Amino acid sequence: MLDMKWVRENPDILKDAAVRKRITVDVDALLKVDAEHRSLLSQVEQLRAELRASSKTLGKMSPEEREVALAGQKEKKAELKELERKEQSLREEVQRLALLLPMPPAADVPDGKDDLENLQLSTSGTAPVFPYEPKSHVELGEKLGIIDIPRGVRIAGTRNYLLLGDGARLEQAVLQFSIDHMAKRGFELVSVPTLVKNEAMVGTGYFPGGEEQAYMCERDSLCLVGTSEVSLTSIHTGETLNAADLPLRRIAVSPCYRREAGTYGKDTKGLYRVHQFWKVEQVVVGPADEEWSKEEHQRMLAHATDLMDLLELPYQVVNVCTGDLGQGQVQKFDIETWMPSRGGYGETHSASRFHDFQARRLNLRYRPEGGGKPQFCHTLNNTVVASPRVLIALLENNQNEDGSVNIPEVLQPYMGTERIQPSKGS
RNA sequence: GGAGAGGUGUCCGAGUGGCCGAAGGAGCACGCUUGGAAAGCGUGUGUGUCGCAAGGCACCGAGGGUUCGAAUCCCUCCCUCUCCGCCA
């Protein structure tokens, strides 16, 4: 959501933003409806004020006098109802169109059509060189008996899977390690709902537009989240927080659900694109301070890259281009981790900065230090770790010729072993 | 799921059709008082929106309705509490 006042004053910036983000939106139509709405609103308010005033005098009249005055009053009332109806439908139309407006990208976001034009910012580690033909995580997982895709599909359909034994334990290990990593950095762990109301989806910017990607429980008008960002960011919906309590730095571990509609035939092999996965997510709610917000964005990125360094995984950071930016995102940095089976980097993290886009939709504000008008907060989020995607990197990069997989040192205490070996009989 | 009771401003709480944007109290702010503090006294104290302003409009859980007029009456929904049932 954008400030309508700002929209009226800066239509050109908005149109440019839409073009750069490859989003179609009719700014002029919105401005036209908005102008109509505001003029009608002032008519409604004026008429209502007249009616109220004369109602007051009616109350003081004698019954005989009142009888006479009632007729004119009724007529005006009917007129008001008609105007109110029009006003409401215009207001809804303004609202509907305004929800589609894109947040202008930051100045240093590269222009581009899609993820192919994202700009590499840095790399860390080097892709391992294998003196033998390396196996994919699917082959490794099957051989080790820790990944079972066919039976996952039998239970739940395509893009589902089972992790067994050390596979499931490795997942828990990396999730728990990530939680501990973030706890050291002052993030509060929160256990959040993953079935949420429509308002939370709209508030965080996933709806309207992302309905196709979400599983809906229509009978209960609830929606399965694709990320705990939705719940974490929505916690203080409608509240006015105290400046002293900001920033709120929080993480959640949750299952994430994605329909992956429109991705048929894309990433069909293995665990790269699945319907359900676990993610530790970091969300920060802070003051309306662009500089602070940018710095926090970098800090949040660093929490994740530090984690990847500790996991000894090679990765690159990219500055996501305008065409690959979401409607509400001002700036986004992705971390892409080296995955030998892809012969390239695959996205494992996504760090987004929203300015006040989400906060406006959520009506999430704070009272500035020393009083004054409530301001909309700034919100940011980033992945800490997502599984099974991180497992792809862990298994493939750390494989040995015999099909066993080395566990990075930091995870060994969580696993209780240095290596995943093939279990008996396989 | 069944039966009942409720949802009013920062908080407590009054308010069953016009005199209510809302009594009273607490809290908070300022002032008086005091050597200082407490007590006491006085004054002030919701938000949003439109407007240069005066002021208008909206908001008493949410949405509809009745009425010239609704915090107050009616309907639907949400939430909280109590009892019963079921249950991880």
Side-chain angles (χ1 to χ4, degrees), chain A residues 1-9 30-99 191-203 207 216-224 231 234-246 253-255 288 356 359-377:
Chain A
M1 185 72 88
L2 281 78
D3 179 9
M4 273 310 295
K5 209 181 261 177
W6 184 90
V7 171
R8 288 194 280 272
E9 287 160 10
L30 169 63
L31 290 177
K32 186 163 164 271
V33 182
D34 174 58
E36 282 173 34
H37 171 248
R38 287 188 307 138
S39 111
L40 193 58
L41 183 62
S42 75
Q43 280 183 53
V44 165
E45 287 187 353
Q46 198 185 330
L47 189 55
R48 203 180 279 155
E50 284 171 26
L51 226 49
R52 269 180 75 159
S54 50
S55 270
K56 279 211 169 136
T57 67
L58 266 178
K60 290 181 186 128
M61 286 178 182
S62 64
E64 302 83 54
E65 289 175 312
R66 188 178 300 164
E67 204 59 38
V68 184
L70 270 176
Q73 194 76 351
K74 276 196 170 170
E75 212 171 290
K76 274 198 173 176
K77 182 62 194 293
E79 191 187 334
L80 176 62
K81 279 224 159 155
E82 184 56 30
L83 284 181
E84 279 176 333
R85 245 185 288 276
K86 280 188 197 156
E87 187 272 330
Q88 188 186 358
S89 80
L90 281 175
R91 174 159 30 98
E92 283 166 1
E93 183 65 2
V94 169
Q95 183 73 5
R96 191 185 68 78
L97 291 169
L99 280 174
S191 182
V192 296
T194 51
L195 248 187
V196 303
K197 295 190 197 168
N198 208 50
E199 290 86 275
M201 298 299 285
V202 173
F207 291 177
M216 309 277 277
C217 300
E218 282 171 348
R219 189 159 65 152
D220 300 291
S221 303
L222 293 170
C223 207
L224 280 168
S231 312
S234 299
I235 291 175
H236 297 287
T237 299
E239 295 183 33
T240 303
L241 304 167
N242 293 317
D245 296 331
L246 299 179
V253 213
S254 84
D356 61 8
R360 281 182 183 278
R361 289 174 166 241
L362 292 165
N363 190 21
L364 169 55
R365 299 177 299 168
Y366 72 100
R367 200 172 291 283
E369 216 88 51
K373 282 205 166 214
Q375 306 277 312
F376 288 108
C377 297

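Bear in mind that the values here come from a model prediction, so they are computed numbers and not experimental data. Quick note on labels: first sequence line is chain A, next is B, and so on, each numbered from 1.
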Are the side chain of [X] and the backbone of [Y] linked by a donor-acceptor contact shorter than 3.5 Å?
{"X": "A:Ser254", "Y": "A:Thr194", "answer": "no"}
{"X": "A:Asn242", "Y": "A:Ala244", "answer": "no"}
{"X": "A:Arg361", "Y": "A:Leu99", "answer": "yes"}
{"X": "A:Tyr366", "Y": "A:Ala288", "answer": "yes"}
{"X": "A:Arg367", "Y": "A:Leu241", "answer": "no"}

Given that both distances must come in under 3.5 Å, which nucleotide forms a Watson-Crick or G-U wobble pair with [N]?
{"N": "B:A53", "answer": "none"}
{"N": "B:U33", "answer": "none"}
{"N": "B:C87", "answer": "none"}
{"N": "B:C11", "answer": "B:G25"}
{"N": "B:U80", "answer": "B:A5"}
{"N": "B:U16", "answer": "none"}
{"N": "B:A58", "answer": "B:U47"}

Member of A:Arg96, A:Arg8, A:Lys5, A:Arg91 meeting the salt bridge (charged side-chain N to carboxylate O under 4.0 Å, His left out) criterion with A:Asp34: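 Among A:Arg96, A:Arg8, A:Lys5, A:Arg91, the one meeting salt bridge (charged side-chain N to carboxylate O under 4.0 Å, His left out) with A:Asp34 is A:Arg8.
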Roughly how many Å is it from [atom1] in [X] to [atom2] in [N], rounded to a whole number?
{"X": "A:Arg91", "N": "B:C50", "atom1": "CZ", "atom2": "C1'", "answer": "14 Å"}
{"X": "A:Leu47", "N": "B:A58", "atom1": "CG", "atom2": "P", "answer": "11 Å"}
{"X": "A:Gln95", "N": "B:U49", "atom1": "CD", "atom2": "P", "answer": "14 Å"}
{"X": "A:Glu199", "N": "B:C77", "atom1": "CD", "atom2": "P", "answer": "17 Å"}
{"X": "A:Arg85", "N": "B:G64", "atom1": "CZ", "atom2": "P", "answer": "11 Å"}
{"X": "A:Arg367", "N": "B:U45", "atom1": "CZ", "atom2": "P", "answer": "16 Å"}
{"X": "A:Asn198", "N": "B:C78", "atom1": "CG", "atom2": "P", "answer": "15 Å"}
{"X": "A:Leu40", "N": "B:U49", "atom1": "CG", "atom2": "C1'", "answer": "16 Å"}

Nearest-neighbour nucleotide for the [X] side chain, [options] considered:
{"X": "A:Lys56", "options": "B:U47, B:C19, B:G69", "answer": "B:C19"}
{"X": "A:Arg8", "options": "B:C50, B:G21, B:G69", "answer": "B:C50"}
{"X": "A:Lys81", "options": "B:C57, B:U47, B:U66", "answer": "B:U66"}
{"X": "A:Pro374", "options": "B:C57, B:G48, B:C68", "answer": "B:G48"}
{"X": "A:Arg365", "options": "B:G48, B:C57, B:G18", "answer": "B:G48"}
{"X": "A:Arg48", "options": "B:G48, B:C68, B:C57", "answer": "B:C57"}
{"X": "A:Lys77", "options": "B:U47, B:C68, B:C50", "answer": "B:C68"}

Rounded distance in Å between the [atom1] positions of [N] and [M]:
{"N": "B:G27", "M": "B:C11", "atom1": "P", "result": "16 Å"}
{"N": "B:G25", "M": "B:U8", "atom1": "C1'", "result": "15 Å"}
{"N": "B:A26", "M": "B:G35", "atom1": "C1'", "result": "30 Å"}
{"N": "B:U49", "M": "B:G1", "atom1": "C1'", "result": "43 Å"}
{"N": "B:G46", "M": "B:A22", "atom1": "P", "result": "10 Å"}
{"N": "B:G18", "M": "B:C84", "atom1": "C1'", "result": "44 Å"}
{"N": "B:A3", "M": "B:G17", "atom1": "C1'", "result": "31 Å"}
{"N": "B:G21", "M": "B:G48", "atom1": "C1'", "result": "13 Å"}

A:Gln46, CD: over 12 other non-hydrogen atoms inside 6.0 angstrom: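 No - once you tally the heavy atoms of other residues, nucleotides and ligands closer than 6.0 Å, there are 12 at most.
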5' precedence on RNA chain B between A:Arg38 and A:Glu45 (nearest-nucleotide basis):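 Upstream on the strand: A:Arg38.
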Contact nearer the 5' end of RNA chain B, comparing A:Leu70 with A:Ser42: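 Closer to the 5' end of RNA chain B: A:Ser42.
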Sugar-phosphate, base or nothing in reach of A:Gln88, heavy atoms under 4.0 Å: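 Sugar-phosphate contact only - A:Gln88 comes under 4.0 Å of backbone atoms but never of a base.
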